[in-house]
Undergrad: 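Here you go, one structure.
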There are 2 protein chains.
Amino acid sequence: MAKFPKIPEATIRRLSSYLKCMVDLESKNEKVASSAVIANICNVNAAQVRKDFAYFGEFGIRGMGYNVKDLKRHIKEILGINREWRIAVIGVGNMGSALLVYKDFLKQNYKIVAAFDLYPEAVIGRISERVGKPVEILHIDRLKEVVQARNIEIGIITPPPTEAQKVADQLIEANIKGILNFSPAPVRTTGNVKLRNLFFTSALDNLVYYLSN
Amino acid sequence: MAKFPKIPEATIRRLSSYLKCMVDLESKNEKVASSAVIANICNVNAAQVRKDFAYFGEFGIRGMGYNVKDLKRHIKEILGINREWRIAVIGVGNMGSALLVYKDFLKQNYKIVAAFDLYPEAVIGRISERVGKPVEILHIDRLKEVVQARNIEIGIITPPPTEAQKVADQLIEANIKGILNFSPAPVRTTGNVKLRNLFFTSALDNLVYYLSN
DNA sequence: CCTTTTATTTTCATATATGTAACAATTCCG
DNA sequence: CGGAATTGTTACATATATGAAAATAAAAGG
């Protein structure tokens with residue numbers, strides 16, 4: 001999509017946070033926000049905020065600040081989330097089934113269009129009676145077929161640690177573009193399949209370190 | 001606890017990742033691991049690995065590598081997770097109830113000793129028939145009382161965005177030490193209550209940016 | 001309608017933090 | 001005891017954050 005010079009990774013990380021901030025301000029009917037306001041909400045330095053945006057153009061109005069709606073649109077465009085992304089969830093345990101009905105994904109154009117498990121029958125009981133059936137749970141053998149048929153680009157995986165790499169390999173084989181790994185096990189990707197890990201305990205570890213020191 | 005000179009934040013983040021790596025290697029009965037092996041698993045530079053550990057002492061053996069068990073113990077000690085941390089979960093929706101039975105917390109000495117919700121009765125149906133009752137679900141009005149009675153130091157919050165700040169304030173009022181926020185809403189803490197956010201969509205946003213660019 | 005003031009961005013300069021590479025020092029093993 | 005392996009450490013390079021000056025749009029006042 002858009003081609004930007006050389007954007008710090010740290011800036012990209014913060015953009016998500018700014019976006020959440022914009023959504024929040026919009027819900028409060030704020031029309032404009034200064035870098036100082038945004039910085040305060042996001043717990044960063046105001047100069048940082050301005051510099052981050054300046055990488056992508058001149059979005060602000062001197063003397064005024066940033067237009068909330070515009071900025072939100074800009075950030076979405078920069079991140080590439082101004083369109084729908086089709087996602088599969090693999091591993092429908094407790095965490096996986098919570099993700100299937102996670103409302104925030106939908107709000108942001110992240111659409112879960114398939115779910116897979118080794119024991120689909122066992123899963124049915126777990127989620128259907130509570131939240132209806134958001135998507136049909138398929139056997140993992142159908143992964144490749146369905147990923148291709150449904151144009152799925154991202155796989156969110158929540159398998160037991162021992163299965164994590166196997167599942168990742170199956171996704172790679174199915175020509176997935178990116179994997180978001182919730183399983184606390186090291187996973188490796190090949191080709192140019194992008195990987196992000198989301199470890200709950202790491203967030204706690206980090207918190208605890210700063211509580212202890 | 002331990003007093004170290006000045007450790008980069010980035011190093012602290014990686015320590016969690018190294019720890020997972022050690023757990024994995026241990027489960028595979030590996031006794032020692034070189035910085036190169038660790039680096040490979042954790043997707044970082046080998047020099048980085050050595051430097052990270054060197055901040056805290058000389059844990060390795062030249063010519064050999066690092067003893068897996070020892071290193072694991074050292075990392076836990078550095079992070080402060082060589083003891084039990086008592087945690088409360090506030091907001092027992094789909095995500096909250098998944099967290100209540102999340103096995104990885106237990107493995108790492110993170111113990112959820114209380115759960116709170118605005119509608120405890122409504123929650124019972126949701127989780128009890130599936131996974132038993134890991135902890136009793138209490139009304140949020142009892143937060144302060146129970147946090148103090150049970151020596152709870154950390155609160156994990158998963159409320160609807162509109163309630164996030166209110167819940168955080170109640171925890172602060174209850175003298176909590178740290179908050180891990182799963183709710184996609186800006187939350188602020190006062191005093192020296194530490195806050196970490198864990199946003200699912202941010203992980204996806206990041207992935208998508210690098211898929212698009 | 002022009003001028004001044006004010007708030008705030010943009011841009012540039014500087015400081016700090018982090019990552020990488022190179023190498024001497026150490027240990028193991030045959 | 002010599003060679004192969006791998007760490008600990010220092011020096012360098014890059015990335016990121018912060019601060020301060022210059023620019024400019026809007027609002028206020030005459």
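Proteins come first, then strands; the chains are lettered A, B, ... in the order of their sequence lines, and each starts at number 1.
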Undergrad: Figure out the CZ/C1' separation between B:F59 and D:dT9, and round it to whole Å.
TA: 16 Å
Undergrad: Can you check nucleotides 26-30 of chain C for protein contacts, nitrogen or oxygen pairs under 3.5 Å, and list what you find?
TA:
| residue | atom | partner | partner atom | Å |
| --- | --- | --- | --- | --- |
| C:dT27 | O4' | B:R62 | O | 3.4 |

Undergrad: So does A:E26 pair up with A:K28, basic N to acidic O under 4.0 Å?
TA: no
Undergrad: Pick one: which of A:T158, A:N197, A:L99, A:I156 meets side-chain contact (heavy atoms from CB on, under 4.5 Å) with A:L180?
TA: A:I156
Undergrad: Can you pull out every salt bridge (Lys or Arg N to Asp or Glu O under 4.0 Å) where at least one residue sits in residues 152-170 of chain B? Sequence neighbours excluded, please.
TA: B:R83-B:E153, B:E153-B:K177, B:E163-B:K166
Undergrad: What is the distance, to the nearest angstrom, from the CZ atom on B:F56 to the C1' atom on D:dG8?
TA: 15 Å
Undergrad: Strictly under 6.0 Å, is that where the ring centroids of A:Y18 and A:F53 end up?
TA: yes
Undergrad: OP1, OP2 of D:dG8 versus side-chain N and O of B:Y66: anything below 4.0 Å?
TA: yes
Undergrad: Kindly give the atom pairs (protein nitrogen or oxygen, nucleotide nitrogen or oxygen) under 3.5 Å for nucleotides 28-30 of chain D.
TA:
none

Undergrad: For A:F105, which residues count as a ring-ring contact (aromatic ring centres under 6.0 Å, His included) partner, sequence neighbours excluded?
TA: A:Y102
Undergrad: Between D:dA21 atom P and A:R50 atom CZ, what is the distance in whole Å?
TA: 14 Å
Undergrad: Among residues 10-22 of chain B, which ones have heavy-atom contacts with DNA chain C below 4.0 Å?
TA: B:A10, B:R14
Undergrad: Does any pair with a residue in residues 41-52 of chain B pass salt bridge (Lys or Arg N to Asp or Glu O under 4.0 Å), and if so which ones, sequence neighbours excluded?
TA: B:R14-B:D52
Undergrad: Could you list the residues that satisfy ring-ring contact (aromatic ring centres under 6.0 Å, His included) with A:F59, not counting sequence neighbours?
TA: A:H74
Undergrad: Would you tell me if any nitrogen or oxygen in the side chain of A:Q48 comes within less than 4.0 Å of OP1 or OP2 on D:dT18?
TA: yes
Undergrad: Which parts of residues 28-37 of chain A get close to DNA chain C, meaning a heavy atom less than 4.0 angstrom away?
TA: A:S34, A:S35
Undergrad: Is it the case that the side chains of B:T201 and A:K20 hold a donor-acceptor pair, with the cut-off being a distance below 3.5 Å and no angle test?
TA: yes
Undergrad: Apply the test side chain to side chain contact (heavy atoms under 4.5 Å, CB included) to residues A:Y66 and A:V32: give CA-CA distance (whole Å), side-chain angles for both, the deciding distance (0.1 Å), then the verdict.
TA: CA-CA 5 Å; A:Y66 299 87; A:V32 294; over 6 Å; no
Undergrad: Report yes if the distance between the aromatic ring centroids of B:F182 and B:F199 is under 6.0 Å, otherwise no.
TA: no
Undergrad: Can you pull every protein N or O that's under 3.5 Å from an N or O on nucleotides 13-17 of chain C?
TA:
none

Undergrad: Just how far, in rounded Å, is C1' of D:dG8 from CG of B:D52?
TA: 13 Å
Undergrad: Closest to the A:N45 side chain: C:dT10, C:dA22, D:dT18?
TA: D:dT18
Undergrad: Test: salt bridge (Lys or Arg N to Asp or Glu O under 4.0 Å). Region: residues 181-192 of chain B. Which pairs qualify, not counting sequence neighbours?
TA: none
Undergrad: If the condition is salt bridge (Lys or Arg N to Asp or Glu O under 4.0 Å), which residues does B:D141 pass it with, not counting sequence neighbours?
TA: none
Undergrad: Separation of A:N40 atom CG from C:dT8 atom P, in whole Å?
TA: 13 Å
Undergrad: Below 4.0 angstrom, N of the basic side chain to O of the carboxylate: do A:R73 and A:E77 qualify?
TA: no
Undergrad: Between the main-chain N or O of A:V92 and the side-chain N or O of A:D117, is there a donor-acceptor pair closer than 3.5 Å?
TA: yes
Undergrad: With sequence neighbours excluded, what pairs up with A:F116 under the ring-ring contact (aromatic ring centres under 6.0 Å, His included) test?
TA: none
Undergrad: Using whole Å, report how far CD of B:E58 lies from C1' of D:dT10.
TA: 14 Å
Undergrad: Side chains of B:Y210 and A:N192: any donor to acceptor distance under 3.5 Å?
TA: no
